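Side-chain atoms are counted along with the backbone in the values below, which use heavy atoms only and exclude waters and symmetry mates. Here the structure is a predicted model, which is why all the values come from computation and not from measurement. Letters go in sequence order (proteins before strands), and every chain restarts at 1.
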4 protein chains.
Amino acid sequence: MGTKEDLIEAAAELFATRGFEGSTTLEIARTAGVTEPMIYYHFKGKHDLFTYILTEAFEEFFALLKAVDVDASTEFKKIEKLFEAYYEFVARRPRETSLILGCCPPKLKDAQETCRQNFDRLSSWLEKFLTRCLKKGIRGGEFKKVPVPQTVNLIVLIIQTLARQRALDGETIPGMKEAAVGFCKRSLVKSF
Amino acid sequence: MGTKEDLIEAAAELFATRGFEGSTTLEIARTAGVTEPMIYYHFKGKHDLFTYILTEAFEEFFALLKAVDVDASTEFKKIEKLFEAYYEFVARRPRETSLILGCCPPKLKDAQETCRQNFDRLSSWLEKFLTRCLKKGIRGGEFKKVPVPQTVNLIVLIIQTLARQRALDGETIPGMKEAAVGFCKRSLVKSF
Amino acid sequence: MGTKEDLIEAAAELFATRGFEGSTTLEIARTAGVTEPMIYYHFKGKHDLFTYILTEAFEEFFALLKAVDVDASTEFKKIEKLFEAYYEFVARRPRETSLILGCCPPKLKDAQETCRQNFDRLSSWLEKFLTRCLKKGIRGGEFKKVPVPQTVNLIVLIIQTLARQRALDGETIPGMKEAAVGFCKRSLVKSF
Amino acid sequence: MGTKEDLIEAAAELFATRGFEGSTTLEIARTAGVTEPMIYYHFKGKHDLFTYILTEAFEEFFALLKAVDVDASTEFKKIEKLFEAYYEFVARRPRETSLILGCCPPKLKDAQETCRQNFDRLSSWLEKFLTRCLKKGIRGGEFKKVPVPQTVNLIVLIIQTLARQRALDGETIPGMKEAAVGFCKRSLVKSF
DNA sequence: CATGAATGAGCGTTCATTCAT
DNA sequence: AATGAATGAACGCTCATTCAT
């Protein structure tokens, strides 16, 4: 495999487990089996390498999410699909999930970050998607009359933390996804 | 105020906003208005200072939780009280909440950490408390028949992430606590 | 002697002989008999150390020049005094002369440099001083009718290059100052 | 044009503007539109490339100087011719003039440098040439009785610094050459 | 209690150079 | 003739920690 791929591989692993500041360029290079300057041959620097990995991960994740936003027999089915998309991504890219949902480095708080844009894009996509679901479901009599923005936030929170848990620790309690879907269903769907 | 308190104050603020690795001993000392070696006079080092702050915070938090574990008219009331205890702690110690629930420094993953013990103690306390609640509630007919360990994990997850959100960003969406309690109530309580 | 002074001493020596880019912080520290981080304890960095030395040198030099700008029996006496001021400075601070007049690092070309301001200040002072001398001398019949701005530039050039030569190589040809003064006198003064 | 010429062109430009240490092999290669290893195909290394450029420049310069050393009606005419040779070279090869007369890299101080030999050869040629001029002129009554070696050094100094000034900054003050020639003439020639 | 001064170890980064192709 | 990939060595700088006072 190419050196660049090795570097990405090594960096993803280390960033996910030790964080950005906690991983050194020397460690990354050594883990990749090359010397430090190779990082600077393939990337502009440590930060660029980090951004590259995150951007790639976000792209793949957004592609997965796109498949969620389609018609379904009920509104709750759509929410269920969202759970599945997250679980799918965790399964395929556990390390990247840690990076996206996990302990985001304090740096990402700065608005000028490229990565920050992806975070915001994800948040607003989720918000719009779930808001539409809930409103339609309530109007159509499928859902109970729940406060929309707060419930949206709750569902996002549950999905993301669940995915993060799974990415970091693995499936410690089996059947979490089904339980979470059930938990939400009981809380939302009328005839249940 | 004493120097030690100034140091704790400054360190708590910096650790909460910049993270452990992102805060330097020089910054901490300067913010506290003293010189660096004072850190080593009062504590064994940067790490010890961090541990001290976290341990103190945990103690206060555990004291708050103890008040939750008393009799209540219904099992769900107990869960509601747990929500309130978390919100109370966030209100009183927002910085410490960030430290306890927020992006925990990767170092804390090491099992030998003193802090890790507190995390585990909190987890197991919550698990035991909620497990008892749920089982009693189900047996007594108050709750629907939900899968206990998974639901326990879900409630913990919701409470903690909610508290963390509030500590980090403030009450961005008003009425989140009530919405969360309602969300859980609908999902759990039979006659609702 | 204090560490800061040792660092200044070592840095002045190295900067003068090897240039800014050619001197490393490690060399400077070792020559001063301390470790590298001491540079960063006493100065903001390598660049700041350089600026400090140059600024100090310029101050001393300007003080010397101030003594030149006084009344004298003839205009040429003033020019002679300027030669002497330069030679005095070379004798007292040979290394600093090398820095001020010698191979200025390419960086100093940037207008935003603090040092650049000193260079410009020196240039304009010399220009004004000599322009006044020459004009007065010509008007008063002491000097021949020479083209003023060009002759000013020539005298500056001679003085500075001579001083630089002396700072870098020492007095290789004896009696250079007297010869230079004579050279200019023959060229400028009428009754000679 | 061949790759080697492109490299020389690019390197001359960069060395002249940024200095030897300030120019990197990557920059040189990129400016030349080739890759770094080409430098090592055509030259022994960065240093060799520098030496090559300087040596070439010196050769051309020496050729120009040879034309100066011929008979002329007066000794001062010869000196005037020397001024013209320098100005001719500046006009034809401004970048190389910067390299030869400009802030010579500190490395060139080492005696073992190939370039150093050229510098010395130039110096001694100038010294011999001007010494002969002055002695003849004094003996023949054309020149005033000036101290020879010092005056030689002064004339060299004036010519070289003037040429350097022109190469680095352009003709900032017009008529400098004429003024310089006039300055020397008044100082040297008796019937003037 | 408190500090100014000092340091070992390490970090991200750059650079001239080399090598396999 | 030319290049992509790779590296050893060094550089400017930071940081947690220590020590003499």
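To the nearest whole angstrom, the two C1' atoms, one in F:dT21 and one in E:dC1, are 13 Å apart.
Between the P atom of E:dA5 and the CE atom of C:Met38 lies a distance of 7 Å, rounded to the nearest Å. To the nearest angstrom, P of E:dC11 lies 16 Å from CG of A:Leu49. Rounded to an integer number of Å, the gap from CZ of B:Arg30 to P of E:dT3 is 12 Å. Spacing between atom CZ of A:Phe43 and atom P of E:dG12 amounts to 15 Å, rounded to whole angstrom units. We find that NZ of C:Lys4 is positioned 12 Å from P of E:dA6, with the value rounded to whole Å.
Closest approach of C:Gly22 to C:Glu27, counting heavy atoms only: O-OE1, 3.8 Å. When all heavy atoms of B:Leu99 and B:Ala12 are compared, the pair lying nearest together is CD1-O, 4.4 Å. Annotation for D:Ile28 and D:Ala10: closest pair O-CB, 3.6 Å, computed over non-hydrogen atoms. Taking all atoms of both residues into account, the shortest heavy-atom contact from C:Ala167 to C:Pro94 is CB-O, 3.6 Å.
Of the candidates E:dA2, E:dA6, F:dA6, the closest approach to any side-chain atom of A:Tyr41 belongs to F:dA6. Closest to the A:Thr35 side chain, of the nucleotides E:dC1, E:dG4, F:dT7, is F:dT7.
Remark: B:His42 is not in phosphate contact with E:dC1, judged by side-chain N or O atoms under 4.0 Å from OP1 or OP2. Contact check, A:Thr3 against F:dA6: a side-chain N or O comes under 4.0 Å of OP1 or OP2.
No side-chain heavy atom of D:Val34 sits under 4.5 Å from any side-chain heavy atom of D:Asp6.
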Quick one: the dot-bracket string of DNA chain E, using Watson-Crick and G-U wobble pairs with both distances under 3.5 Å, [ ] for crossing pairs and | for bases paired to another strand. .||||||||||||||||||||
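Figure legend: cation-pi geometry between C:Lys46 and C:Tyr40 absent, as NZ or CZ is not positioned both under 6.0 Å from the six-membered ring centre and within 45° of its axis.
Mapped onto DNA chain F by nearest heavy atom, D:Gly33 and C:Ile39 fall at different nucleotides, with D:Gly33 at the one closer to the 5' end. When each of B:Val34 and C:Val34 is assigned the nucleotide of DNA chain E with its nearest heavy atom, B:Val34 is the one assigned upstream, toward the 5' end.
The aromatic rings of D:Phe20 and D:His47 stand perpendicular to each other, their planes meeting at an angle above 60°, with 30° marking the opposite boundary. Ring geometry, C:Phe15 versus C:Phe50: the interplanar angle exceeds 60°, so the pair is classed perpendicular (tilted spans 30 to 60°).
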Could you go through residues 52-60 of chain B and list every donor-acceptor pair under 3.5 Å that involves a side-chain atom there, pairing it with any protein atom two or more places apart or in another chain?
from, atom 1, to, atom 2, distance (Å)
B:Thr55, OG1, B:Thr51, O, 2.6
B:Glu60, OE1, B:Arg93, NE, 2.6
B:Glu60, OE1, B:Arg93, NH2, 3.3
B:Glu60, OE2, B:Arg92, NH2, 3.3
B:Glu60, OE2, B:Arg93, NE, 3.4

Which letter, B, S or -, goes with each nucleotide of nucleotides 14-21 of chain F from 5' to 3', with contact meaning a protein heavy atom under 4.0 Å? BBBBBB--
